[in-house]
Amino acid sequence: MTDQNPGRMLDTGFFRGWLTAAAAAVEREADRLTELDSAIGDADHGSNMQRGFRAVMTVLEKEQPAGPGAVLILAGRQLISTVGGASGPLYGTLLRRTGKALGDATEVTSAQLTEALRTGVAAVAQLGGAKAGDKTMLDALEPAVEALGTSFAAAAEAADQGALATVPLQARKGRASYLGERSIGHQDPGATSSALLIGALAQTAGATE
Amino acid sequence: MLINVPETVVADALRGMASAHPGLSVDVDNRVVVRGDAPVAGKVGLVSGGGSGHEPLHGGFVGPGMLSAACPGEVFTSPVPDQMVRAAAAVDSGAGVLFIVKNYTGDVLNFDMAAELAEDEGVQIAKVLVNDDVAVTDSLYTAGRRGTGATLFVEKLAGAAAEEGQPLERVEAIGRRVNESARSFGVALTAVSTPAKGSPTFDLPEGELELGIGIHGEPGRERRAMMTSHEIADFAVNAVLEDLRPSSPVIALVNGMGGTPLLELYGFNAEVQRVLSERGVPVARTLVGNYVTSLDMAGCSVTLCQVDEELLRLWDAPVETAALRWGR
């Protein structure tokens with residue numbers, strides 16, 4: 001897929017499109033996320049993400065933020081205000097810090113998005129105190145950011161692989177960690193929803209090519 | 001279950017709480033319970049919160065001598081930062097606000113975000129993390145010890161210090177000291193049923209019990225054939241004492257998980273006191289009842305809090321809340 005060069009310009013519409021695609025993916029996959037969460041958590045990841053991304057769609061429609069950074073900051077704040085649990089602050093921080101790093105430009109390059117997303121993912125790691133291999137969102141997000149330097153499609157592939165690779169891991173963060181070795185053998189719901197978010201990004205990049 | 005529909009259980013309970021306790025100011029839409037006379041001039045505010053299903057924690061501990069406000073989330077789901085920010089604004093007199101946070105990933109993250117937002121609005125925030133559950137032994141490889149029964153002690157003793165007019169740093173220091181001085185261990189005789197699911201969330205056959213549980217139906221340290229009250233007290237108190245090793249008297253909280261009658265809890269307390277006496281641990285005060293619960297779960301927990309003269313004075317200080325009241 002020829003979806004990227006480092007100088008490709010991404011505008012406000014691109015970022016709205018990304019979040020719209022992410023919201024659609026969450027709707028489509030909500031039951032699967034909840035099912036994964038019932039194995040090693042408290043069976044509400046799908047419904048929590050659904051509530052959050054529905055609220056994001058509503059607020060983006062209502063407030064019409066101008067600029068890529070403003071879109072992500074508004075979406076992040078909305079997730080923080082509506083999701084609760086651990087996912088709300090973590091996803092909210094991912095989008096808010098990525099948006100802050102993009103600043104108030106009306107267009108950004110894909111290279112700038114890669115760097116901003118790196119900042120956002122680092123903020124998630126800091127907030128959650130987790131690192132790669134702890135069976136969390138980071139297991140999908142960190143490889144995705146590395147691959148994003150190559151292409152959007154490579155990032156989506158890396159995120160999917162990262163989510164799959166959480167199956168044999170033992171959880172060391174979040175409620176799944178209380179299960180100890182019993183968390184082994186299940187795919188992490190947070191890594192799975194993170195892969196959906198990166199997949200939506202690649203889809204949007206392809207669709208706007 | 002005695003409910004209408006699962007979606008409204010939290011809001012319904014808040015409306016009922018408002019009617020029963022006119023001394024509280026209850027914002028049902030924004031899910032904040034505030035003591036009616038807040039903000040109290042010159043007084044540090046205390047805000048706590050967490051998932052619903054642990055009543056009377058935290059709303060039942062709002063009032064003079066204890067919490068200034070509480071933020072209830074969905075059942076077993078942490079509240080969102082907007083609730084804590086709103087609560088902090090409502091109770092801040094300018095003396096600052098202490099957040100009391102149970103150690104669960106969701107609670108910690110949402111309170112952290114709320115602290116940042118409240119500080120942006122000019123409210124000085126300090127935080128105390130409660131992590132007293134000795135059943136979580138592998139803290140390096142988990143989210144760490146859970147916050148359970150010690151939350152009551154932190155809220156009571158820090159609340160009394162704030163009521164005396166002590167400044168934020170002192171109230172925070174007392175909260176930390178109380179958490180470091182308190183340990184808990186819990187036992188489940190039945191699984192818990194959430195309103196959304198309507199049936200037990202895990203399978204615990206009759207004739208078995210789960211030792212070392214949390215307050216969300218998380219799995220325990222081990223499952224065994226049913227034990228007597230005598231045997232459970234030996235196991236629970238010894239688990240706490242292995243970790244706490246008190247060098248001064250303790251306050252004992254013999255807590256019901258929501259589905260165990262007081263008749264049984266008092267009987268269990270007699271056994272707890274017996275073990276403490278055998279182990280040579282003097283008991284300064286005892287509280288028996290359902291305070292930090294897990295919906296309809298049958299079972300109990302023991303929390304011991306080591307106290308010096310100052311902490312004992314703060315425990316005895318007047319308190320006037322829905323669930324704890326004395327000395328006024």
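Just so we're clear, the structure is a prediction, and the values are computed from it rather than from any experiment. The chains referred to below are lettered A, B, ... by the order of the sequence lines, with proteins before strands, and numbering in each begins at 1.
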Margin query: Which residues in residues 91-106 of chain A have any heavy atom closer than 4.5 Å to a heavy atom of chain B?
Written below: T93(A), R96(A), R97(A)

Next item on the list: Give me the contact list for residues 74-81 of chain A versus chain B, heavy atoms only, anything under 4.5 Å, ordered by residue number.
Entry: I80(A), S81(A)

Does [X] have more than 12 heavy atoms from other residues, nucleotides or ligands lying within 6.0 Å of its [atom1]?
{"X": "E208(B)", "atom1": "CD", "result": "yes"}
{"X": "R16(A)", "atom1": "CZ", "result": "yes"}
{"X": "E119(B)", "atom1": "CD", "result": "yes"}
{"X": "D31(A)", "atom1": "CG", "result": "no"}

Note to self: Does L109(B) form a side-chain contact (heavy atoms from CB on, under 4.5 Å) with L90(A)? I'd like the steps, not just the answer.
What the structure shows: CA-CA 8 Å; L109(B) 296 185; L90(A) 292 170; 3.6 Å; yes

Next item on the list: Search all heavy atoms of G84(A) against all heavy atoms of N110(B) and return the closest pair with its distance.
Entry: C-ND2, 4.0 Å

Notebook entry, point to check: Between G85(A) and S78(B), what is the shortest heavy-atom contact and its length?
Noted result: N-OG, 3.1 Å

Item checked: Portion of N103(B) that has a non-hydrogen atom of chain A nearer than 4.5 angstrom -> backbone

